[in-house]
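In what follows, a single structure is set out as C-alpha cells and then discussed.
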Amino acid sequence: MTAFNLLSEPIRKYIRDKKWESLRPIQEASIQRIMSTDNNYILISRTASGKTEAAFLPILSKVNFKEPGVKVLYISPLIALINDQFVRVESLCEYLDVPVTKWHGEASKGAKDRLLKTPEGIVLITPESLEAMFVNKPYNVRHLFSTLEYVVIDEIHSFLGSDRGTHLQSLLSRLQKINAKKFSVIGLSATVSDANQYSELKEFLGESDYTKVIRDTTPKPINAVFKYFPGTVEELPLPLLKDLYIRTRESKVLIFPNARGRVEEVAVKLKQISEKVGGHKNYFSHHSSVDKEVREYVEFFAKNSTLQNFCISCTSTLELGIDIGNVDEVVQIDATHSIASLIQRVGRSGRREGKASNLFLYATDAWSLLQSLACWLLYQEQYIEPVYINKKPYDVMVHQLLSIVKSYSGISLPKLVEEIMGNPAFLEITLKETEEIIFHLTTIDFFEKLGNELIIGIEGEKVVNNKDFYSLFNTPVFFKVSNNGIKIGELPLSSQIRENENIYLSAKIWSIKDIDYQTKKIEVIPAKDGKKPKFFGDAADIAHMIREKMFEILSFKEQYEFLDDVAQQMIILLRSEFSSFTISDFKKERPLLDHNEKLTFYSFTSSRINRTIELILDSLNIKNTLDPQKSAFEIEGHTAEQVKTVFTNSCIEQNIDEILTGLLEGNPAIIDFSKWGKYLPICYQVKLLKEKYFDFEGCRIYLQDLKIIDNK
DNA sequence: GACCTGCTGCGGCTTG
C-alpha cells in the first residue's frame with residue numbers, strides 16, 4: 001500500500017486540498033513506519049524538506065483524539081519556532097477538529113486556561129515551560145500530560161550534547177513516569193550526517209532498540225566562492241563591503257558575520273552604500289540583542305517579500321528552522337566554528353525545490369580563511385564534528401534534585417534517590433555520588449530535613465522561586481535601549497556606553513543621550529555616524545578534526561578552484577611558512593618552530609585539548625601563551641629538546657585533582673560555564689572541570705601519538 | 001575579538 005493510502009481520510013483530503021503532487025521521500029518513509037509500528041523515530045532530512053509533516057501526517061492519522069487528555073506533545077528549543085509551527089500544525093488539525101495549544105512564556109494565558117479546563121489535542125511547548133509546570137504545578141503535568149501517545153522533538157540536534165539536552169532528557173523520563181502507557185518519541189533534525197551520531201541520538205531518546213533512524217540523503221548542490229580581503233578586528237575592509245554590496249544587491253540574502261557587533265557593522269555600512277547609490281533600503285540586523293518585536297518584523301518582512309530584495313545581517317538566531325521564506329544567497333564572513341553550523345547556514349538558501357544554494361565565504365584573515373576552507377572541505381566529505389555527551393552531568397542533577405523536591409513539597413531521602421537514579425539522564429552517576437550531592441545541598445541550606453522528609457531550605461527557596469530557575473543556561477545583564485518609548489534592543493554595559501557616544505544597533509545609528517543605572521535603561525536619538533557596539537562572549541570550542549584538516553591543507557599542495565586569486569595566494573603564503581618542516585603524517589606530526597630564541601608549537605587540535613596542554617605547561621611553570629585562532633603556543637625560556645621531553649614524558653593524570661582544586665580556589669568563577677555547577681561540592685566541581693572544560697582523555701591520546709617536527 | 005536558547009505568579013490596570 002502506498003504511504004498516501006495509509007493516511008486517514010481527513011489527512012488525505014488535506015493533501016488533496018493543498019494540491020501536493022507527491023509526498024517527499026522522508027514523508028513516504030515516515031508514514032510507512034510510523035503507521036505500522038510504535039517505535040521511536042529520528043527523522044533526518046535537510047531544511048525545508050517537509051519534516052514537520054513527515055511526523056504529523058501519520059501521527060494525526062493514527063492517534064485517537066476522541067479520548068480526553070492531551071495526546072501529542074511537541075517540544076521545541078525556540079518560542080519563534082513554536083509560533084511558526086503552530087500555524088502549520090493548526091491548518092492540518094482543522095481537518096480533524098483537533099485543538100492545538102501553544103504553551104510557552106509568551107503564549108496567551110486564556111488559551112492555557114482553556115486547555116486546563118478541557119485537556120485535549122496537541123500542545124506545543126518549550127523545555128523550560130515544561131520544567132516550570134513540573135516545579136510549580138506538578139498536578140497540572142498529570143492533569144494534562146498523562147495520556148500522551150506521541151512526543152515530537154524539533155531540532156533535536158540543538159539539544160544533543162548540551163546541558164539543555166540533558167535537562168530535556170530528564171524531563172522526558174519524568175514525563176514517561178506519569179504516563180501509564182509508553183509514549184513514542186519522534187525527533188526531527190537537519191544536521192546529523194555522521195552515522196556515529198545515530199547511537200548518541202538513540203541513547204538520548206532512551207531504549208535504543210526501539211529507536212530507528214529515517215534519513216533522506218538527497219544532496220543539495222551548493223556553489224561556493226571564497227574571497228579574501230585583508231582586514232582588522234576593528235573594522236571590515238571597505239573593498240570587502242563594496243564587493244559584498246555588488247554581489248548581494250539584487251538578491252534576498254542572509255549574511256553571517258559571527259559576532260553581534262560585526263553584524264551591526266555590516267548592516268549599517270551596506271545600508272549606507274545602498275543609500276548612496278540608490279539601491280533598496282531593506283537592510284536589517286537580527287541577533288539576540290535586537291528587540292524582539294523588531295526581530296519579528298524583520299522575519300515577517302523576509303517571509304512576505306516575494307518581489308522586494310532584502311539583506312539580513314545576523315547571528316545564529318537565523319540558523320535554526322524558523323521559516324523566513326526564500327533566500328537566494330548565504331554569505332559567511334570569516335570561519336564558522338563548526339561544520340554543523342555551516343550546514344545550518346547553507347541550508348537557509350535555495351529552499352525552492354531544485355534550486356541550487358549559493359554560498360559566499362569572505363575571509364579577513366589568513367587563519368580564518370584556512371579554517372573556513374577546512375570546514376568547507378569537511379562538509380563536502382559529509383563530516384560533522386562529534387557531539388560530546390557528558391555522562392556524569394552532576395550540575396544538571398543539582399537542578400533536577402531541586403525541581404523534584406520542590407514539586408513534591410516533602411519527599412523522603414530513599415524516594416528522592418530512587419527518583420533521580422531511575423532517570424536515564426543520570427544513569428552513570430553512582431548511588432554514593434548522588435547521596436554526597438544531596439548531603440552537600442543540605443549543608444548549604446538548599447534542602448532542609450523535616451522529620452523523615454526533605455524540603456526546600458532557606459537558600460534553596462531563593463533559587464527555586466526565582467524566574468531564572470527554569471533554564472540550564474546563564475544570561476548576562478543588559479541595559480534596555482530605547483528611543484522615545486520605542487524599544488530598539490539591549491546592550492551590555494561597557495566602556496563604550498557613555499553619554500554622547502554613537503553606536504549601531506538594529507541596523508541604525510544612535511547617539512546615547514541618557515543612561516539610567518538604576519533601571520538599566522539607555523535613551524538614544526538617531527545619529528549620522530558611529531561605531532559597532534561591544535558585546536562580550538566566549539569563543540565557541542573548535543573540534544580537533546577542523547584543526548587537523550587545517551594542517552592537512554597546509555601540508556599538501558592541492559589547489560582549490562573555488563578560491564579567488566588573493567585567497568589562493570594567502571594559502572600559498574601560509575604553506576610557505578610551514579615549508580621548513582618535513583611532514584609525512586598530518587595526523588600525528590605537529591610543527592615546533594624555533595625562531596629568535598622563542599618556540600612556537602602549532603598544536604592543530606581542539607580548543608579543549610589546547611586548554612589542557614596550557615594547564616600542563618602552566619603546572620610545570622613553563623611560560624606559554626596560546627593563540628586560539630592559530631592553535632599555537634608561544635613558549636619562552638626553553639629549548640626545543642626540553643619541550644619535546646615535556647610532551648613525551650608528561651604524566652597528566654598525576655596531581656591533577658590537586659591542581660584543579662587550587663585553580664578553583666584561586667578563581668571560583670572558572671566554574672561559571674555551568675550555571676548549577678557552583679552548588680556542587682568542590683571535588684565534584686573538579687570532576688565537572690575535567691569533563692567539560694578540559695579534555696584529559698583526548699589530551700592523553702593526542703600526546704601519546706604526537707611526533708614533534710622541528711625546523712632545525 | 002568571540003553565538004544562542006527561556007521565564008511563574010500575582011496584583012493591578014485597561015478593555016470588550
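Every chain is numbered from 1, with letters handed out A, B, ... down the list of sequences. The model shown is predicted, which means the values in this text are computed figures rather than measured ones.
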Practice task
Measure the distance from CG on Asp365(A) to P on dA2(B) and round it to the nearest whole Å.
Solution key: 14 Å

Problem - Arg164(A) side-chain proximity, nearest of dT5(B), dA2(B), dC7(B) - result: dT5(B)

Exercise for the section: Return yes if a side-chain donor-acceptor contact under 3.5 Å exists between Ser76(A) and Asp154(A), otherwise no. Expected result: no

Completion exercise
Between Lys467(A) and His286(A), the residue closer to the 5' end of DNA chain B by nearest nucleotide is His286(A)

Fill in the blank from the handout: Regarding the side chain of Ser288(A), the nearest nucleotide among dC4(B), dC7(B), dC3(B) is dC4(B)

Practice task
Could you tell me whether the side chains of Thr612(A) and Asp695(A) share a donor-acceptor contact shorter than 3.5 Å?
Solution key: no

Problem - Lys109(A) side chain near dT8(B) phosphate (N/O to OP1/OP2, under 4.0 Å) - result: no

Practice task
Identify whether any heavy atom of Thr317(A) sits under 4.0 Å from a base atom; if not, whether one sits that close to sugar-phosphate; answer base, sugar-phosphate or nothing.
Solution key: sugar-phosphate

Fill in the blank from the handout: When rounded to whole Å, the CG to C1' distance for the pair Asp84(A) and dT5(B) reads 16 Å

Exercise for the section: Return the value, rounded to whole Å, for the distance between atom CG of Leu342(A) and atom C1' of dC3(B). Expected result: 15 Å

Exercise for the section: Could you state the atom-to-atom distance from CD1 of Ile542(A) to C1' of dA2(B) in whole Å? Expected result: 10 Å

Practice task
Please work out if Arg262(A) contacts a base, only the sugar-phosphate, or nothing of the nucleic acid, heavy-atom cut-off 4.0 Å.
Solution key: nothing

Handout entry: Trp103(A)/Tyr74(A) aromatic ring centres below 6.0 Å
Key = no

Fill in the blank from the handout: Picking from dG9(B), dT5(B), dC3(B), the nucleotide nearest the side-chain atoms of Asn136(A) would be dG9(B)

Fill in the blank from the handout: When rounded to whole Å, the CG to P distance for the pair Leu402(A) and dT8(B) reads 18 Å

Practice task
With heavy atoms under 4.0 Å as the rule, sort Lys534(A) into base, sugar-phosphate or nothing.
Solution key: nothing

Practice task
Compute whether any side-chain donor of one residue and acceptor of the other, for Thr317(A) and His287(A), lie under 3.5 angstrom apart.
Solution key: no

Fill in the blank from the handout: Among the nucleotides dT8(B), dC3(B), dG6(B), whichever has the atom closest to the side chain of Asp468(A) is dG6(B)

Handout entry: Aromatic ring pairing Tyr602(A)/Trp367(A), orientation class (parallel under 30°, perpendicular over 60°, tilted between)
Key = parallel

Practice task
Look at all strands and tell whether Ser341(A) reaches a base, only sugar-phosphate, or nothing, counting heavy atoms closer than 4.0 Å.
Solution key: nothing

Exercise for the section: Return the nearest nucleotide to the side chain of Arg295(A); candidates are dC4(B), dG6(B), dT5(B). Expected result: dT5(B)

Exercise for the section: Scan side-chain atoms only and decide if Ser674(A) and Asp163(A) contain a donor-acceptor pair under the 3.5 Å cut-off. Expected result: no

Handout entry: Residue Ala259(A), side-chain atoms from C-beta onward, closest of dC7(B), dG6(B), dC3(B)
Key = dC3(B)

Exercise for the section: Find the distance Glu106(A):CD to dT5(B):P and express it as a whole number of Å. Expected result: 11 Å

Exercise for the section: Verify the stacking flag for Phe473(A) against dT5(B): centroid separation must be under 5.5 angstrom and the ring planes must differ by under 30 degrees. Expected result: yes

Problem - No-H, no-angle donor-acceptor pair, Ser316(A) side chain to dC3(B) base, under 3.5 Å - result: yes

Exercise for the section: Let me know the distance between CZ of Phe134(A) and P of dT8(B), rounded to the nearest Å. Expected result: 15 Å

Problem - Pro628(A) or Pro127(A), whichever maps to the more 5' nucleotide of DNA chain B - result: Pro628(A)

Exercise for the section: Please work out if Phe535(A) contacts a base, only the sugar-phosphate, or nothing of the nucleic acid, heavy-atom cut-off 4.0 Å. Expected result: sugar-phosphate

Exercise for the section: Scan Leu472(A) against the nucleic acid and name what it touches under 4.0 Å (heavy atoms): base, sugar-phosphate only, or nothing. Expected result: nothing

Fill in the blank from the handout: Picking from dG6(B), dG1(B), dC7(B), the nucleotide nearest the side-chain atoms of Ser471(A) would be dG6(B)

Fill in the blank from the handout: note: Ile333(A), atom CD1; dC3(B), atom P; distance rounded to Å ~ 14 Å

